[in-house]
Protein chains: 2
Amino acid sequence: MINELEKIKDSVLLQDIKVEELSSMLGCLRGVIKHYKKGEEVLSQGAEIKKFGLLTEGKLQVVQYDYLGNKSILSIIEPKQIFAEAYAYVNKIPSMNVEALVDSTVLFLDSDKLSSPCQNCCSFHKQLVKNLLFIISNKNVNLTEKIECMAKRTTKEKLLTFLSLESIKQNSKEIYIQYDRQGLADYLGVERSAMSAELSKLKNEGIIEYNKNWFKLL
Amino acid sequence: MINELEKIKDSVLLQDIKVEELSSMLGCLRGVIKHYKKGEEVLSQGAEIKKFGLLTEGKLQVVQYDYLGNKSILSIIEPKQIFAEAYAYVNKIPSMNVEALVDSTVLFLDSDKLSSPCQNCCSFHKQLVKNLLFIISNKNVNLTEKIECMAKRTTKEKLLTFLSLESIKQNSKEIYIQYDRQGLADYLGVERSAMSAELSKLKNEGIIEYNKNWFKLL
DNA sequence: TATAATCCGTTGTTTTTCCAACATACTTTT
DNA sequence: AAAAGTATGTTGGAAAAACAACGGATTATA
């Protein structure tokens, strides 16, 4: 257990919480550690969620099957990240699965206990709540930005919206993006090759320059 | 002040908080009431946000101007709803404005105070945090669902994804939707008339039936 | 280093969407 | 009930995106 805490003590969720407090936190939040083999289901569609997860080791993917049975990957969970937190707080049945991409270890924490601190109002509780609010709010802002891009009607506008948002975030006309072309196309909800063609056009029109992950707004 | 509290005491944020506790809460969270004339700016782009708002009276709209200066309405805020809460918890400068559509009254609450309860750990704090987590998580789930719809490549798929999500939520093949055609088109990010045409096609193909706000999946 | 695998851009064709304009139905007002 | 306003459906042409297929470049691997 101590070993697991060591791996996640500098996660965003546990930020600014003293190491000495971590183990008492585990008890308070009914921390449970579970191990999963590659390919195993960590959370399955339709099951009610009362705890959220903090990945201590391995890699997970959040997938969703639509009305036709088509699989789509919603996100990849890396160590120190939390998942299923939104569904733990709204009492809705999630419509997605979480699967282990490699052998993984997850620390589950009780969402009810987190938001209803114990009698003695331990100091770490304040910080935990603050961190959780930050994480969820941040996700919220990111989702809103993605929607802002996707809502544009043309691929050209989607690209320019994305790039100008990045430009603001990176506070520069020259930016580096985290996605490869396929990843960017998925993010914007368009087809890769069509997007590539559109990028070329933007370059020819003298609106942007780019090379691999580097982009410049002119 | 008492008058204002009366109007919002059954909002989601203040759910399950005793009326007697509300006024002490106001002090603790540094509650400030502000009035706005129709057309006035409630929050302006680029200004740092330390407090979030709870609309007690009137109507607000959240608008955004993109890189070309085009205005788009992100959401309409009705009484008892909160706004700007996500931006209050991530330390990001918001890229949107909030404007008063009619004369409005807003109660601003200190986001820091909410997540860092006072010494005596008042009982309402627990409930407030719980409620806030619920609201933000809920928004999160809704945004994710919208993205799920928008990510589909064709209008037909967007419609069917939306309808089947509603079908699950309303637990029936027959559903009533909250949007009119223009609203639904905006939600899905497509053009209204093209969407209408697609709906007709789906009806002809025997995949759905509909009449005004009523839809049935076959 | 050779080979395989992956990523990225290009092109032509097919499909879908947008857009504008108009017709019809429904609602609200007077 | 007439008139005006609003919401929805329809259509055809223009624009854009998807799709498939391919070639060159880069990266990973044997």
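To find a chain, count down the sequence lines: A is the first, B the second, and so on, and within it residues start at 1. Worth saying up front: this structure is predicted, and the values here are computed from it rather than measured.
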Atom pair distance, as rounded to whole Å: [atom1] in [X] and [atom2] in [N]:
| X | N | atom1 | atom2 | result |
| --- | --- | --- | --- | --- |
| Q182(A) | dG9(C) | CD | P | 12 Å |
| I177(B) | dT8(D) | CD1 | P | 9 Å |
| N211(B) | dG9(D) | CG | C1' | 13 Å |
| R181(A) | dA25(D) | CZ | P | 16 Å |
| M195(A) | dT11(C) | CE | P | 17 Å |
| L159(B) | dG9(D) | CG | P | 11 Å |
| R192(A) | dC22(D) | CZ | P | 15 Å |
| E198(B) | dT8(D) | CD | P | 17 Å |

Notebook entry, point to check: Given that K212(A) and R153(A) both sit by DNA chain C, which one's nearest nucleotide is further toward the 5' end?
Noted result: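 Here K212(A) is the residue nearer the 5' end.
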
Note to self: I want to confirm an ordering. Mapping T154(B) and Y210(A) to their closest nucleotides on DNA chain C, which one lands closer to the 5' end?
What the structure shows: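 Nearest-nucleotide comparison on DNA chain C picks Y210(A).
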
Margin query: Regarding K50(A) and D110(A), does a basic nitrogen lie under 4.0 Å from an acidic carboxylate oxygen?
Written below: no

Note to self: Between E166(A) and K169(A), does any side-chain N to carboxylate O distance fall below 4.0 Å?
What the structure shows: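 Result for this pair is yes, salt bridge flagged.
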
Margin query: Give me the atom names and distance for the closest heavy-atom approach of M96(A) to L74(A).
Written below: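 Smallest interatomic distance, heavy atoms only, reads CB-CD1, 4.5 Å.
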
Check: So what does S196(A) touch, heavy atoms closer than 4.0 Å: a base, only the sugar-phosphate, or nothing?
Finding: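 S196(A): base contact, heavy atoms under 4.0 Å.
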
Notebook entry, point to check: Checking all strands, does Y179(B) fall into the base, sugar-phosphate, or nothing category for heavy-atom contacts under 4.0 angstrom?
Noted result: nothing

Item checked: Ring centers of F52(A), F108(A) separated by less than 6.0 Å ->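 Ring centres of F108(A) and F52(A) not closer than 6.0 Å.
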
Note to self: Taking the ring of Y176(B) and the ring of F215(B), is the distance between their centroids below 6.0 Å?
What the structure shows: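 No, the ring of F215(B) stays outside the 6.0 Å limit from the ring of Y176(B), centre to centre.
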
Check: Nearest of dT10(C), dC18(C), dT10(D) to any side-chain atom of S200(A)?
Finding: dT10(C)

Next item on the list: Side chain of S193(B) only, please: which of dT11(D), dC18(C), dA18(D) is the nearest?
Entry: dT11(D)

